[in-house]
Amino acid sequence: MSVRKDSVELGECVRNPGFQDADGDAPAADTVSAAESEEKRDSIGVKRDSIGVKLDPDDEYNQVKPYAGMPKEVLLLYSSQARYRVPREILFWLTVCCTLALVAITITVIALSPRCLSWWQASPVYQVYPRSFKDSDGDGVGDLKGIMEKLDHFQYLNIKSVWISPFYRSPMKDFGYDVEDFRDVDPLFGTMQDFEELLTEMHNRGLKLIMDFIPNHTSDRHRWFNLSRIRDPYYEDFYVWTDCDPNGPKPNNWVSIFGNSSWTYDEVRGQCYLHQFLKEQPDLNFRNPNVVQEMIDIVDFWLKKGVDGFRMDAVKHMLEAAHLRDEPQVDPNKPPELVTTEWDLHSDYTTSQVGLHDLLREFRAVLDTYSREPDKYRFMVTESYDYEEVDKTMMYYSTHLVRESDFPFNFYLLDLPHNASGVWAKHLVHIWMGNMPRGEWPNWVVGNHDRSRIASSAGPAYIRVINMLLLTLPGTPTTYYGEEIGMENINVTQSEIQDPAGKYNTSASRDPERSPMQWSGDMNAGFNNKTNVTWLPVHPDYETVNVEVQKKDDGSVLAQYRFLSNLRVTELALHRGWFCYIHADANVFSYLRELDGLSQAYLMVLNFGKQSAITDLSSVSELPDRLTVLMSTNHVNNGKVYEKSRILTEAGEGLVIQYSTDTRFNPTHPEECYVSEKACFLPTINILYKC
Ligand code: GLC
Ligand code: MG
């Protein structure tokens, strides 16, 4: 048996023999006598003789001393004296007051702090069309490893959010928008491992990856469709089937977005199936809850892998009217056999059906469960072209109570080239600002893989001013790859047409805006430096219009894009300030960005017209008389000073004017101004607060 120091029972200080020894006094009433103590030690087996260890009384004293203390009575005696009690009470109340003050300050700070901008608000979204971005293996088609090689480009431009168009396994009838397996990567683009490596590397660099998700349809090669054709009981109703005669009339007059009837007869099943796009893209039947669940599981699959958000493709087509009645013709007198395009019909039964938003909210709920971890917000943007029915588009925004899209894509600026003028630019901007629900976050698109490049439709002279508009409006800009260097459409001859939409109708071909990214003046513009193949021709202007050349030129489209993209981040007025209309005429559209409490503000004067213009803003008393150009799209004009009554812009020139003011424009012009979430700046302590 060994002796342990703590084997002596020291539960209460009054039983502490050391204390008694030290004091030499008689123990207090409730103390245990030395004899009892001895007895106790004996009873627990500390018998000096029997264990053969002779403890010196001094040693014993030293061993127990650290546990010594005052008896309760002595303590109480001292503690009730005023010299102890008063400071103690003061300290107590001080602690209470400090705690309350801290709680109050915390609540006030939380209540007064404006919401932090999330990642999808803080940076432009950059769209990568993976076939055309960078080809790493030399097969002529871009791939995921190629994107990995070019991540520096996003960082160079201060871009944090990258949307990559589909790279799922696909027969490529619609270049990936016809998905054969939603859980696999097409070998043309790489492997799942390439994807995972890309995502990890993007996250390491602080970049977010937005995937394309295509809920409306699958490829006709999808396993579900094959099982549906043979009427497998679970998959039988996964698509929209109806009886029809193989040689007779179609079930109704509905037409595909790519032209002609949206019904195709299937020999195997002996029925017609619906396809709002290609016949190789059968529409899923979202009235079947199993379809909804399967699609939700796919979203979950990618969220688990860590993707940061989804661009939801062609959402308005997800549901169709179950009654399958003919849609009303736009021109009732047109012979029905000539009704072959979406423009011939009011798409009342094939788009925006009741129940659509419930479906999207279900998807949103899945994203939200993954958004809970800090800095893991999952983003959702919907694609729906509603043209003049802007109300329909606005329905995709979340509200305070019901979560849906963070924003629906705003395609109205794609229309800018149709009528190049300041008034038109303002009109298009106002379609969004005037209809967006209060407090929502705007966004702007000037190009994508379905629409002509803006440098071609507006003319190369206007690309800079359009980029300036995009990057200085409030909200999130989206940039289609190549717009940052002013890439133009390519000419595609009839025999070169790749796009199925172009095969139906040459003028609808989307190939011109999908040509390889122009990285350098090297072979294939640096897109593929291994072999001499590219899936579409490289634009002949690549020797001058490319990233490498433009990086060396301070006045290039790229340098200006980069300057403005940085300015958006550093300038509070630009990323969360007021947006106010100042002026619009046949040439010029002018607006300002300001933040209450901040003296530095920005005035934009953009000339979208065909002529140079002198803009007189002398009636805007909030502007200083003399205005200095911070940046002009014509860089020789940087630093120029204009009288506010005579601001000169050439056709296609845009000016960013930085000025200082003590009087804000928005308080006196509420009708002209918008802000998503009002915030004010307190210069004395450099903070933003809700106001
Ligand atoms: C979207 C895509 C387009 C595709 C279509 C069908 O509109 O942007 O490229 O062809 O959906 O998926
Ligand atoms: Mg559909």
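Just so you know, ligand 1 is whichever comes first in the structure, and atom 1 is the first atom listed for that ligand. Positions are given from 1, in the same order as the sequence printed here. Just so you know, these numbers come straight off a predicted model, no measurement behind them.
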Student: Please find the pair of heavy atoms, one from Y397 and one from W441, that lie closest to each other, and give the distance.
Tutor: OH-O, 2.6 Å
Student: Would you call D450 and R514 a salt bridge, using N to O less than 4.0 angstrom?
Tutor: yes
Student: Which protein N or O atoms sit under 3.5 Å from any N or O of ligand 1? Give atom names and distances.
Tutor:
| from | atom 1 | to | atom 2 | distance (Å) |
| --- | --- | --- | --- | --- |
| ligand 1 | 7 (O) | E383 | OE1 | 3.3 |
| ligand 1 | 7 (O) | E383 | OE2 | 2.9 |
| ligand 1 | 8 (O) | R311 | NH2 | 3.0 |
| ligand 1 | 8 (O) | E383 | OE2 | 3.4 |
| ligand 1 | 8 (O) | H449 | NE2 | 2.8 |
| ligand 1 | 8 (O) | D450 | OD2 | 2.4 |
| ligand 1 | 9 (O) | H449 | NE2 | 3.0 |
| ligand 1 | 9 (O) | D450 | OD1 | 2.7 |
| ligand 1 | 9 (O) | D450 | OD2 | 3.4 |
| ligand 1 | 9 (O) | R510 | NH1 | 3.1 |
| ligand 1 | 10 (O) | D174 | OD1 | 3.4 |
| ligand 1 | 10 (O) | D174 | OD2 | 2.5 |
| ligand 1 | 10 (O) | R510 | NH1 | 2.9 |
| ligand 1 | 11 (O) | D313 | OD1 | 2.9 |
| ligand 1 | 11 (O) | D313 | OD2 | 3.0 |
| ligand 1 | 12 (O) | H217 | NE2 | 2.9 |
| ligand 1 | 12 (O) | D313 | OD2 | 3.0 |

Student: Flag the pair D511 and K503 as a salt bridge only when some basic side-chain nitrogen lies within less than 4.0 angstrom of an acidic carboxylate oxygen.
Tutor: no
Student: Please determine if K305 and E196 form a salt bridge, counting it only when a charged side-chain N lies under 4.0 Å from a carboxylate O.
Tutor: yes
Student: Compute whether any side-chain donor of one residue and acceptor of the other, for Y273 and T242, lie under 3.5 angstrom apart.
Tutor: no
Student: Which salt bridge (charged side-chain N to carboxylate O under 4.0 Å, His left out) pairs, counting each pair once, include a residue from residues 468-487, with sequence neighbours left out?
Tutor: R453-E483
